[in-house]
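Scroll down for the structure; my scribbles are underneath it.
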Amino acid sequence: MSRPHLQVLPGYGEAEREPYVAFCGHCAKRPAPGDAENRVCSSCHLGLIVSAPESIAPRPGDAFLIVDGRMQICALSRKAEKLLGAGESDIVNRTLTEVVHPADAEAAGVESLVSMVVHAARGDGVVRDLVVRPCDEWGIRWFTRVGPCGTPQAALLVLAPDG
Ligand SMILES: [Zn+2]
């Protein structure tokens with residue numbers, strides 16, 4: 001429908017950097033070029049406009065979380081609320097590891113999740129894959145992509161429920 005708004009964030013000292021696209025931190029709608037200066041989404045009026053590398057930026061309907069470098073959840077999509085079975089107000093400001101754990105915690109430990117999020121929140125451009133589960137459920141696994149997100153600098157986790 002609308003063309004993605006491409007935005008290159010300067011200042012990381014990397015010559016080759018994947019273009020960032022802007023999207024709403026709640027509904028994932030991409031702002032129209034004329035709306036690029038708005039901080040708040042003009043579609044749902046709930047989310048702040050953030051940006052992430054094109055290859056990980058979510059689409060409307062995706063389940064995603066935005067987590068800061070202190071592991072605190074800043075925002076999430078409606079689909080993520082559904083997956084986690086809790087509303088935004090119950091999840092925002094909680095620590096990520098209170099909500100999800102790596103699915104193979106014995107092999108990798110919670111530290112693997114923490115380290116991925118902290119690196120991504122520092123602006124590390126590498127997108128990593130991980131499998132997580134809700135903290136209180138062992139039978140559920142969500143394939144998850146973890147990558148950087150801005151501004152403010154944070155990590156983006158896009159969950160893909162497997163059937
Ligand atoms: Zn929105």
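Counting starts at 1 for both ligands and their atoms, in listed order. Quick note: residue numbers are just sequence positions, from 1.
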**Q.** Salt-bridge criterion met for Arg122 and Asp124 (N-O under 4.0 Å)
**A.**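 No.
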(Q) Within the 3.5 Å criterion, strictly below it, is a donor on Ser55 or Glu18 matched to an acceptor on the partner's side chain? (A) yes
Q | Short N/O/S contact of Cys44 with the Zn ion (ligand 1) (below 2.8 Å) | A |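 Short answer: yes, at least one N, O or S atom is under the cut-off.
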Q) Do any of the N/O/S atoms of His45, backbone or side chain, fall under 2.8 Å from the Zn ion (ligand 1)? A) no
Q: Could you tell me whether Arg133 sits above the aromatic face of Trp142, with NZ or CZ closer than 6.0 angstrom to the six-membered ring centre and within 45 degrees of the axis?
A: no
Q: Check the pair Leu76, Leu84 against side-chain contact (heavy atoms from CB on, under 4.5 Å), reporting the backbone distance first and the verdict last.
A: CA-CA 10 Å; Leu76 74 163; Leu84 296 167; 4.2 Å; yes
**Q.** With the Zn ion (ligand 1) as the apex, the SG/SG angle for Cys24 and Cys27 - to 10°
**A.** 110°
